[in-house]
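Both counts, for ligands and for their atoms, begin at 1 and track the order of listing. Bear in mind that the values here come from a model prediction, so they are computed numbers and not experimental data.
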Amino acid sequence: MDKIIIFDTTLRDGEQAPGASLTQREKLEIAEALTYLGVDVIEAGFPVSSKGDFQAVRTVAKSIKGPIVCSLARAIKKDIDIAYQAVRYSKRPRIHVFLATSKIHMRYKLKKAEEEILRLAVQAVKYARKYCPDIQFSPEDASRSERQFLFRVIEAVIEAGATTVNIPDTVGYADPAEFGNLIKAIKENVSNINRTVIAIHCHNDLGLAVANSLEAIKNGARQVECTINGIGERAGNASLEEIVMALDTRRDIFTDLKTDIKKGQIYKTSRLVSKLTGFVIAPNKAIVGSNAFRHESGIHQDGILKKRTTYEIIRPSDVGFTQPSLVLGKHSGRHAFVTRLTQLGFHLKPKELEKAFVAFKELADKKKEIFEDDLVAIAEDQMHKQTRPLWQLVGFEVHSGTEVNPRAEVVLKHRGKKIKSVSSGDGPVDACFKAVDKITGISVRLVDYRLEAIGRGKDAQGAVSLNLVHRGLSFSGRSSSTDIIEASILAYINALNKIE
Ligand code: KIV
Ligand code: ZN
């Protein structure tokens, strides 16, 4: 069996998705979930890009045991120094150096000729090798690079000490047959290629990232770079869950290949990333979308009942997907609550459990039926509660209707002091946000606001995820409640507390 190395770049390329900024604590939480999922390499960030990114990579490198922790750098000494400083405390550090090799990038972006690029690539890999033995090199925009030059660069960086060579389809331009052929050509034309692992990194601009990755694997790539839910720069990266499940489901094609991913953790990890980045998953998203395993048409339902595999190629429970079932009610006790949470894969600390149980009872008073999704939302809310939030919601009141100008009164608590403000707005939510702005005095722009129902029924909870921009930086916030105005204010405050 050949192993396919799963290189997860959710925390680096994934976080480059506009609006997906994560705090250090959130990054660590995702890194822990990725470790539990069984990924082999975690690309934790691009440390030279900001102090926050440096700290996040350092925190992940220090805390995560198991996977290789990788740190990205341009082919510049300063970048490599900083990348190594960030990752040096990992038990298994990797430095990932990249430099563009396509004519368009060399001419217009780097303004350098081929020979200079070749020299810089070799120099950077040799320099990085002084720090650590695990070095990955990426010829950026490889799929649009002139082939003979690409082969020369790859050969030279392997000679200089690169242990993994990653072939990026940086702008998602490749077609599957063409990309597979490129990997084959690299294997046939680079004399020392057997001394390194061939990796691939595909973007999804034409919706082909997963197809291109799979074709590359068929042609000899043994490391695949991907992100949870396919998030990433522009249209995103190849999605981890789709690649892993394609390899698993089509074992007849991908014979003798395996990954170490624990499939049963996929759904939970996907939800965590969606929650922390504020990127809602489309219902029809393969593997992790809420409709991915729902059968609506009568013919399909009939077929499923007669033989599941007539219309189902993956068992939902294989990826940790559970149907929304009625689980607990108002009269359920602590023991049943804890047992159900444990079955759902949550291991809360005693204090979090206590608060989660109180939240469950409060919800059970408002809502007739409590579904698994509600329990997941409660558990996640407790796990992600800011420990000492600067701003807290005390209460609010809104006036809104067809004939009235929406108006809101909001009371917040700040360092033990209650502050009240009143504002009008375009709607009740807008009025609340304006009242909060008056209290905090923090200047923010709301760039994204989404509301989705958790579970079913008229009394379903509303989950709000939003993004605020403050001084050019993006902050996400999320919360849920049976009252969508309350969920909105709480999500807004959640984001504001991250700014603070
Ligand atoms: O898309 C790309 O080319 C990258 C490189 C840094 C690998 O993200
Ligand atoms: Zn990329």
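With a heavy-atom cut-off of 4.0 Å, D141 does not touch ligand 1 at all.
There is no side-chain donor-acceptor pair under 3.5 Å between N494 and S479. Using a 3.5 Å distance cut-off with no hydrogens or angles, the side chains of Q55 and Q24 do not pair a donor with an acceptor. No hydrogens or angles considered: nothing links the side chains of E225 and N237 as a donor-acceptor pair under 3.5 Å. One side chain, N192 or E159, offers a donor N or O that lies under 3.5 Å from an acceptor on the other. For the residue pair E241 / S239, a side-chain donor-acceptor distance below 3.5 Å is found, with atom types taken as modelled.
Numbered from 1 in the order shown, with element, the atoms of ligand 1 that lie under 4.0 Å from a heavy atom of D13 read 8 (O). Each of the following atoms of ligand 1 lies closer than 4.0 Å to a heavy atom of E140: 3 (O).
With atom 2 (C) of ligand 1 as the reference point, the heavy atom nearest to it among R234, E233, H201 is part of H201.
Taking a cut-off of 2.8 Å, the protein N, O or S atoms nearer than that to the Zn ion (ligand 2) are D13 OD2, H201 NE2, H203 NE2.
Nearest non-hydrogen protein atom to atom 1 (O) of ligand 1 is H203 NE2, 3.0 Å. In this structure, atom 3 (O) of ligand 1 lies nearest to the protein heavy atom T170 OG1, 2.6 Å. Of the protein's non-hydrogen atoms, R12 NH2, 3.6 Å is the one closest to atom 6 (C) of ligand 1.
Under the 4.5 Å side-chain criterion, counting only non-hydrogen atoms from C-beta, I253 is in contact with K218. No side-chain heavy atom of F54 sits under 4.5 Å from any side-chain heavy atom of F46.
Ring orientation note: the planes of H96 and F7 are nearly perpendicular, at an angle over 60° on the 30°/60° scale. Ring orientation note: the planes of Y127 and Y131 are nearly perpendicular, at an angle over 60° on the 30°/60° scale.
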